[in-house]
Amino acid sequence: MNRLRNLDAYPKINEDFYKRTLSGGVITLVSSVVMLILFFSELRLYMHPVTETHLRVDTTRGEKLRINFDVTFPALQCSIISIDTMDISGERHLDVRHDIFKRRLDSHGNVIEAKQGGIGHTKIEKPLQKHGGRLEDNEKYCGSCFGAEETDDACCNSCEEVREAYRKKGWGLSDPESIDQCQREGYVQKVKDEEGEGCNVHGFVEVNKVAGNFHFVPGQSFHQSGFQFHDMIMFQQGNYNISHKVNRLAFGDFFPGVVNPLDGVQWNQDKQNGVYQYFIKVVPTIYTDVHGKTIQSNQFSVTEHFQNAEAGRMQSPPGVFFYYDLSPIKVIFEEQHVEFLHFLTNVCAIVGGIFTVSGIVDSFIYHGQRAIKKKMEIGKFN
């Protein structure tokens, strides 16, 4: 037992030799408060997960990129706005309507009516048949595509179907009033009636995970001889006001902590016709929460530029263009809980560190006071 007692690293002092001081009490109180503050700070870090960040080379292939958007055009009517996508692989989708929703807005930004895709629904009132006669009661309607039929038995029963057939041929529909389907539906009049209105366009498109662009332009697009054209310039002469507000733009799903720099960005046109361009660098991102749930998404940075139209030169149509490119580096966020042993180590470091430092401070003050007192007693303290 004596040998074991000799190993005691914490020898005890008789209570008769203890001396308590005012400075020691103050130091004890202050160090206890600091110790509690640091303890609860460490406890908060332990109770809440921390996010670790890693960088990896993105080796994924053949994936799709989902682009979610919500854009408001206060001075462009819904009937003339089309959405196109294209990428460097040569794939293009013109006048995209699937999963795209448009809401007409009045001059004060209030919603007039909500609709998906085109202008409206077909109203058949004795329409013109493909063979040239009018539809009779016992006949099935089959409208003419006016030379744009892909097959001999193809039918175009609405103005939109005629426009689509023309687009596939690479033709522009220069005079909708000459098309029976467009006359019956009041196509041109509907476009004119919407003048002065705005439009909110929201939805999503899925594109190849390669560099490309998507854009909002006035008029329906069609492709011919390597060039892109629009067939509705006749409806609005002069300038197109492409003022817009990006309510939301995201490449992929939401995850905690994501910041989309274009959300809420607004631009007002005060110059002539032109193209407003956003150049976006998309960074693939994987977020894994503390429960192991993984979210595949993206972050992005952006710069912007307005290009004026120049007379006499071939320019892009007026509109809002979003050019995006993919970063080769993937960011990985992982939520993790601090291990209990790590928490216990930090708590011990806090308690021991403060106890040691406060002891040093107390000893310095105590011996300093004693030295001053002795000098005062012998009259050597000036």
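Counting begins at 1 with the first residue of the sequence.
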| note | Nearest heavy-atom contact between S31 and S358 is CB-CB, 3.8 Å

| query | Are C156 and C145 close enough that their SG atoms are less than 2.5 Å apart? | reply | yes

| query | Between P318 and V275, what is the shortest heavy-atom contact and its length? | reply | CA-CG2, 4.4 Å

| In terms of heavy-atom contacts, does NZ of K293 have more than 12 from other residues, nucleotides or ligands at under 6.0 Å? | no

| query | Just by distance, with hydrogens left out, do K102 and N200 show a side-chain donor and acceptor under 3.5 Å apart? | reply | no

| message | Could you check whether any side-chain heavy atom of F306 comes within less than 4.5 Å of a side-chain heavy atom of I242, counting everything from C-beta outward? | response | yes

| request: Would you confirm whether E335, through its side chain, and D289, through its main-chain N or O, come within 3.5 Å as a donor-acceptor pair? | output: no

| message | Using side-chain contact (heavy atoms from CB on, under 4.5 Å), reason through V205 and F69 one step at a time and then give a plain yes or no. | response | CA-CA 9 Å; V205 293; F69 58 83; 4.2 Å; yes

| query | With no hydrogens and no angle check, is any side-chain donor or acceptor of D70 less than 3.5 Å from a backbone partner on G203? | reply | no

| request: Examine L262 and I83 and state if one hydrophobic cluster contains both, with Ile, Leu, Val, Met, Phe, Trp and Tyr joined whenever side-chain heavy atoms are less than 4.5 Å apart. | output: yes

| message | Taking atom CZ as the centre, does F204 end up with more than 12 heavy-atom neighbours from other residues, nucleotides or ligands that are less than 6.0 angstrom away? | response | yes

| Under a 4.5 Å cut-off applied to non-hydrogen side-chain atoms, are H202 and R248 in contact? | no

| query | Is any side-chain heavy atom of P256 closer than 4.5 Å to a side-chain heavy atom of Y287? | reply | yes

| Is it true that L65 and I88 fall in one hydrophobic cluster, defined by side-chain heavy atoms closer than 4.5 Å? | no

| said: Please determine whether side-chain contact (heavy atoms from CB on, under 4.5 Å) holds for the pair K64 and N208, giving the CA-CA distance in whole Å, both sets of side-chain angles, and the decisive distance to 0.1 Å. | reply: CA-CA 5 Å; K64 290 289 186 179; N208 295 324; 2.8 Å; yes

| Atom of N260, atom of A250 and distance for their closest heavy-atom approach | ND2-CB, 3.8 Å

| task | Please report the shortest heavy-atom distance between T285 and Q299, naming the atom on each side. | result | OG1-NE2, 3.2 Å

| said: Hydrophobic clustering (ILVMFWY, side-chain heavy atoms < 4.5 Å, transitive) - are V26 and L36 grouped together? | reply: yes

| said: Using ring centroids (six-membered ring only for Trp), state whether Y324 and F300 fall under 6.0 Å. | reply: no

| Out of L76, I100, N247, T72, which residue meets the side-chain contact (heavy atoms from CB on, under 4.5 Å) rule with V201? | I100

| Any S243 side-chain heavy atom under 4.5 Å of Q269 side chain | yes

| said: Would you say the ring centers of F322 and H244 fall short of 6.0 Å from each other? | reply: no

| message | Using a 3.5 Å distance criterion without hydrogens, assess whether the side chain of S297 forms a donor-acceptor pair with backbone atoms of F254. | response | no

| field | D325 and K281 ion-paired at < 4.0 Å | value | yes

| Sole residue of W267, F73, F321, Y323 in ring-ring contact (aromatic ring centres under 6.0 Å, His included) with Y276 | W267

| query | Does V71 share a hydrophobic cluster with V302, counting links as ILVMFWY side-chain heavy atoms below 4.5 Å and allowing steps through other members? | reply | yes

| note | Exactly one of D253, V282, V258, I67 clears side-chain contact (heavy atoms from CB on, under 4.5 Å) with N298, and that residue is V282

| message | Measuring only between side-chain heavy atoms, which start at C-beta, is L105 closer than 4.5 Å to N110? | response | no

| message | In this structure, would L55 and V283 fall into the same cluster of hydrophobic residues linked by side-chain contacts under 4.5 Å? | response | yes

| Salt-bridge contact K209-D58 (side-chain N to carboxylate O under 4.0 Å) | yes

| How about H108: does its NE2 atom have over 12 heavy atoms from other parts shown lying under 6.0 Å from it? | no

| query | Less than 4.5 Å apart, any side-chain heavy atom of T60 and any of K330? | reply | yes

| request: Report the C-alpha distance between V246 and Y278 in whole Å, list the side-chain angles of each, state the deciding distance to 0.1 Å, and finish with yes or no for side-chain contact (heavy atoms from CB on, under 4.5 Å). | output: CA-CA 11 Å; V246 182; Y278 293 96; 4.2 Å; yes

| note | All heavy atoms of D84 vs all of D95, minimum pair found to be OD1-N, 2.6 Å

| Do M86 and N213 pass the side-chain contact (heavy atoms from CB on, under 4.5 Å) test, and can you show the C-alpha distance, the side-chain angles, and the key distance before you say yes or no? | CA-CA 6 Å; M86 54 190 67; N213 77 82; 3.3 Å; yes

| message | Do Q336 and P49 make a side-chain contact, defined as non-hydrogen atoms from C-beta onward lying under 4.5 Å apart? | response | no

| query | For the residue pair D263 and L249, what are the closest heavy atoms and their distance? | reply | OD1-N, 3.0 Å

